[in-house]
Amino acid sequence: MFKIALCQMMGSMDKEKSKEKAGAMVREAAENGAQVVALPEMWNCPYSNDYFRDYAEPEDGPSVKFLSDLARGNDIYLIGGSISELDDNKVYNTSFSFDRQGKRIGKHRKVHLFDIDVKGGIRFMESDTLSPGDKATVIDTEYCKIGVAICYDVRFPELSRKMALAGAKLIVLPAAFNLTTGPAHWDLTMRARALDNQVYFAAASPARDMDGVYQAYGSSCIATPWGEFLAKADEKETIVYGDIDLDYVEAIRQQLPLLKHRREEIYK
């Protein structure tokens with residue numbers, strides 16, 4: 001068993017202030033016994049096509065170094081939310097993960113870009129600015145394998161299933177659903193991905209800033225392999241904690257062996 005913490009932080013237009021907030025929340029989580037800590041999607045960049053390129057950094061830039069130092073300084077595994085990454089003049093929505101020594105052990109570029117136009121709701125086209133990643137990401141820790149995806153990736157069950165089949169018993173999703181999709185789909189989707197893959201599923205959202213350029217739904221949560229919420233936040237800035245019980249994962253998989261009952265010859 002190990003403790004995970006999700007830092008539902010409110011970012012800033014000022015990247016340095018966002019770093020200060022992220023650092024303070026991660027340190028608090030570590031002091032409260034969390035061994036794995038996650039930040040939200042785009043924690044140091046306003047969630048808007050107007051800012052992704054301006055705030056973008058290379059993978060060896062100051063934000064990645066900051067995250068590495070934060071993991072090492074607090075002796076934790078850190079799923080570093082996501083930042084805007086610049087590579088070969090392309091911009092990606094990228095999550096970097098680190099071990100207790102601050103070594104980078106994972107890099108996930110958001111695979112599915114958020115291009116939606118909901119009548120009477122929200123229109124957002126990430127592909128206007130961002131480029132997609134091209135792989136699933138599973139990191140190795142001393143506790144278990146952990147899958148990492150970003151926001152809209154969760155709507156594609158194949159990706160979560162691929163991570164589960166690769167051995168993940170926990171999936172961490174930095175995400176920023178909005179006030180149209182959040183009330184309709186957040187709870188349902190996070191519980192479903194946990195249930196259908198018999199994993200713990202932890203979604204880390206930014207806190208809601210009604211004065212910001214993007215209003216996140218919040219509701220950071222941890223769902224169990226039985227599809228229940230272990231912990232859940234409202235929209236305010238907070239830290240969500242949960243104990244990940246790997247024996248419980250195995251018990252659920254034995255009692256209801258969904259993964260063993262798959263008929264791959266039919267799906268192909």
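Shown here for Ala231 and Val240, the closest heavy-atom pair between the two residues is CB-CG1, 3.6 Å. The two residues Val26 and Cys7 have their closest heavy-atom pair at N-SG, 4.1 Å. Closest heavy-atom contact between Ile139 and Ile79: CD1-CD1, 3.6 Å. What you find for Thr238 and Ala233 is that their closest heavy atoms are CG2-CB, 3.7 Å. Taking each heavy atom of Ile146 and Thr141 in turn, the nearest pair found is CD1-CG2, 3.7 Å. When every heavy atom of Val213 is checked against every heavy atom of Pro46, the shortest pair comes out as CG2-CB, 3.6 Å.
In this structure, the side chain of Arg193 engages the main chain of Val154 through a donor-acceptor pair within 3.5 Å. The backbone N or O of Ala176 lies less than 3.5 Å from a partner atom in the side chain of Glu41, making a donor-acceptor pair. With hydrogens and angles ignored, the 3.5 Å screen pairs no side-chain donor or acceptor of Glu235 with any backbone N or O of Arg208. Within the 3.5 Å criterion, the main-chain N or O of Phe177 finds no donor-acceptor partner in the side chain of Trp186. Under a 3.5 Å cut-off, the side chain of Asp153 and the backbone N or O of Val111 do form a donor-acceptor pair. Of the possible donor and acceptor atoms, one in the side chain of Lys15 sits under 3.5 Å from a partner among the backbone N and O of Tyr55. Of the possible polar contacts, none joining the Gln215 side chain to the Asn178 backbone as a donor-acceptor pair under 3.5 Å is found. A donor-acceptor contact shorter than 3.5 Å is absent between the side chain of Gln198 and the backbone of Ala164. With hydrogens and angles disregarded, no donor-acceptor distance shorter than 3.5 Å links the side chain of Asp88 to the backbone of Lys90. Remark: side-chain polar atoms of Gln35 are paired, donor with acceptor, to backbone N or O of Lys3 under 3.5 angstrom.
Under the 4.5 Å side-chain criterion, counting only non-hydrogen atoms from C-beta, Leu39 is in contact with Met9. Looking at heavy atoms from C-beta onward, Ser68 lies in side-chain contact with Phe98 at the 4.5 angstrom threshold. Considering only heavy atoms from C-beta on, Asp115 comes within 4.5 Å of Glu126 through its side chain. Under the 4.5 Å side-chain criterion, counting only non-hydrogen atoms from C-beta, Phe52 is not in contact with Asn93. Side chains of Met13 and Tyr51 form a contact here, defined as non-hydrogen atoms less than 4.5 Å apart. In this structure the side chain of Thr94 never reaches within 4.5 angstrom of the side chain of Glu59, judged on heavy atoms. The shortest side-chain heavy-atom distance between Lys232 and Asp187 falls under the 4.5 Å cut-off. Side-chain contact between Val172 and Ile4 is present, with heavy atoms from C-beta onward closer than 4.5 Å.
In this structure, Lys135 places its NZ atom where more than 12 heavy-atom neighbours from other residues, nucleotides or ligands lie under 6.0 Å away. Within a 6.0 Å sphere centred on NZ of Lys162, other residues, nucleotides and ligands contribute 12 heavy atoms or fewer.
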Quiz item: For Phe114 and Tyr152, what are the C-alpha separation, side-chain angles and deciding distance, and is it a ring-ring contact (aromatic ring centres under 6.0 Å, His included)?
Solution: CA-CA 6 Å; Phe114 185 59; Tyr152 196 51; 5.4 Å; yes
Exercise. Quick one: do Tyr77 and Ser97 satisfy side chain to side chain contact (heavy atoms under 4.5 Å, CB included)? Show the steps, please.
Key: CA-CA 7 Å; Tyr77 287 93; Ser97 299; over 6 Å; no
Quiz item: Between Ser48 and Tyr214, does a side chain to side chain contact (heavy atoms under 4.5 Å, CB included) hold up when you go through it step by step?
Solution: CA-CA 7 Å; Ser48 166; Tyr214 181 90; 6.0 Å; no
Quiz item: Going through the distances and angles, do Thr181 and Tyr217 end up as a side chain to side chain contact (heavy atoms under 4.5 Å, CB included)?
Solution: CA-CA 8 Å; Thr181 61; Tyr217 181 57; over 6 Å; no
Practice problem: Apply side chain to side chain contact (heavy atoms under 4.5 Å, CB included) to the pair Asn89 and Arg53, showing each step before the final yes or no. | Solution: CA-CA 9 Å; Asn89 204 37; Arg53 181 168 288 276; 3.3 Å; yes
Quiz item: After noting the C-alpha distance and the side-chain angles of Lys19 and Glu16, does the key distance pass the salt bridge (charged side-chain N to carboxylate O under 4.0 Å, His left out) rule?
Solution: CA-CA 5 Å; Lys19 285 182 181 179; Glu16 292 307 310; 3.5 Å; yes
Quiz prompt | Chi angles and distances behind the ring-ring contact (aromatic ring centres under 6.0 Å, His included) call for Tyr47, Phe124 | solution = CA-CA 10 Å; Tyr47 190 70; Phe124 201 107; 5.0 Å; yes
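Between Lys169 atom NZ and Ile171 atom CD1 the span is 13.0 Å, to the nearest 0.5 Å. To the nearest 0.5 angstrom, Gln254 atom CD is 10.0 Å from Ile252 atom CD1. If you take SG on Cys144 and CG on Leu246, they are separated by 5.0 Å, rounding to the nearest 0.5 Å. How far OG of Ser95 is from NZ of Lys107: 11.0 Å, rounded to the nearest 0.5 Å. For the atom pair CZ of Arg155 and OG of Ser160, the computed distance is 12.5 Å after rounding to the nearest 0.5 Å. Distance check: Lys21 NZ to Asp14 CG gives 12.0 Å after rounding to the nearest 0.5 Å.
If you run ring pair (Phe, Tyr, Trp, His ring centres under 6.0 Å) between Phe2 and each of Tyr143, Tyr241, Tyr200, only Tyr143 comes through.
Using a 3.5 Å distance cut-off with no hydrogens or angles, the side chains of Ser18 and Asn44 do not pair a donor with an acceptor. A donor atom on one side chain and an acceptor atom on the other are not found under 3.5 Å apart for Arg253 and Asn197.
Residue Leu6 is not grouped with residue Met25 when hydrophobic side chains (ILVMFWY) are merged at heavy-atom distances under 4.5 angstrom, including chains of intermediate members. Under the 4.5 Å side-chain heavy-atom criterion for Ile, Leu, Val, Met, Phe, Trp and Tyr, Val64 and Leu70 are members of the same hydrophobic cluster. In terms of hydrophobic clustering, with Ile, Leu, Val, Met, Phe, Trp and Tyr side chains grouped at heavy-atom distances under 4.5 Å, Tyr248 and Val36 are assigned to a common cluster. Both Ile76 and Phe96 are members of a single hydrophobic cluster when ILVMFWY side chains are connected at heavy-atom separations under 4.5 Å. Cluster annotation: Met190 is not connected to Leu195 through the hydrophobic network of ILVMFWY side chains, with a link wherever side-chain heavy atoms come within less than 4.5 Å.
Using a 4.0 Å cut-off between charged side-chain N and carboxylate O, Arg161 and Glu158 make no salt bridge.
Figure legend: Arg109 and Tyr92 shown as a cation-pi pair, the cationic atom lying under 6.0 angstrom from the six-membered ring centre and within 45 degrees of its axis.
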